[in-house]
Amino acid sequence: MTSLFMKVIICPLVVTLSAYILPNVNFTNMFQPILIGLTLAIAGTLMEYLFLREGSVWTSTFLDFIAATIIVYVFPIWMDGAVVTFLGAIVVALFLAVTEHFSHIYLVKTNKTQKSFL
């Protein structure tokens, strides 16, 4: 649950800031990068649950990068006026991967990657 709370704040923030910084990431409404960020937060949390274990921090970060690139590139297709080039999606995904990497390290070091089934 800690991971989801962090991602719900960080992912929309990174996508929104990227839209202001990068010339090839453009959104017409403020809800568009927030919606993409929330989608990334949910997908990232599910991927952490499935793949993140001790010794798989880099693999999990790489998988997050690939998923973020696809989500950031494909989702704006269905958003009116939003334009994200493939290079823009890669750069946003790189920003997200950096934040995710530190998040993964924290989760592994604090032993929050242990899965428990009821």
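Along the sequence shown, residues are numbered consecutively beginning with 1.
Thr85 contributes a side-chain N or O that, together with a main-chain N or O of Gly88, makes up a donor-acceptor pair within less than 3.5 Å. Ser18 places a side-chain N or O within 3.5 Å of a backbone atom of Val14 that can act as its donor or acceptor partner.
Rounding to the nearest 0.5 Å gives a distance of 8.0 Å between CG of Asp80 and CG of Asn29. To the nearest 0.5 Å, atoms CD (Glu100) and CG (Leu107) are separated by 9.0 Å. Atom CD in Glu48 sits 8.5 Å away from atom OG1 in Thr61 (nearest 0.5 Å). If you take NE2 on His101 and CH2 on Trp58, they are separated by 4.0 Å, rounding to the nearest 0.5 Å. Here the CZ atom belonging to Phe5 is positioned 10.0 Å from the OG1 atom belonging to Thr45, to the nearest 0.5 angstrom. Between Ile42 atom CD1 and Leu4 atom CG the span is 7.0 Å, to the nearest 0.5 Å.
Taking each heavy atom of Pro12 and Thr16 in turn, the nearest pair found is O-OG1, 2.7 Å. In terms of heavy atoms, Ala93 sits closest to Thr69 at CB-OG1, 3.1 Å. In terms of heavy atoms, Asp64 sits closest to Gly44 at OD1-CA, 4.1 Å. Minimum heavy-atom separation, Phe86 to Tyr73: N-CE1, 3.4 Å. Closest approach of Ile71 and Ala43 over heavy atoms only: CD1-CB, 3.9 Å.
Val57 and Phe102 fall into different hydrophobic clusters, where Ile, Leu, Val, Met, Phe, Trp and Tyr are joined by side-chain heavy atoms under 4.5 Å apart, directly or via other members. If you chain together hydrophobic residues whose side chains sit under 4.5 Å apart, Phe31 and Val8 never meet in one group. A continuous path of ILVMFWY side-chain contacts below 4.5 Å connects Tyr20 to Ile34, so both sit in one hydrophobic cluster. Put simply, Ile21 and Val84 are part of the same group of oily side chains (I, L, V, M, F, W, Y) that touch within less than 4.5 Å, one to the next. Placement of Leu13 and Ile36 in two distinct hydrophobic clusters is found when ILVMFWY residues are connected by side-chain heavy-atom separations under 4.5 Å, directly or transitively.
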**Study point:** Residues Leu52, Met47; criterion side-chain contact (heavy atoms from CB on, under 4.5 Å); working and verdict
**Key:** CA-CA 7 Å; Leu52 184 62; Met47 289 177 62; over 6 Å; no
Point to revise | From CA spacing to verdict: side-chain contact (heavy atoms from CB on, under 4.5 Å), Leu40, Val72 | key: CA-CA 8 Å; Leu40 289 165; Val72 171; 3.9 Å; yes
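Checked against side chain to side chain contact (heavy atoms under 4.5 Å, CB included), Tyr106 has the following partners two or more places apart in sequence or in another chain: Thr2, Met6, Thr110, Lys112. When the side chain to side chain contact (heavy atoms under 4.5 Å, CB included) test is applied to Ile66, the partners found at least two apart in sequence or on another chain are Phe62, Ile70.
Of the candidates Ile90, Leu96, Val98, Phe65 forms a side chain to side chain contact (heavy atoms under 4.5 Å, CB included) with just one, namely Ile90.
Using a 4.5 Å heavy-atom cutoff, the side chains of Phe27 and Pro76 are in contact. The side-chain heavy atoms of Thr59 and Phe51, taken from C-beta on, include no pair separated by under 4.5 Å.
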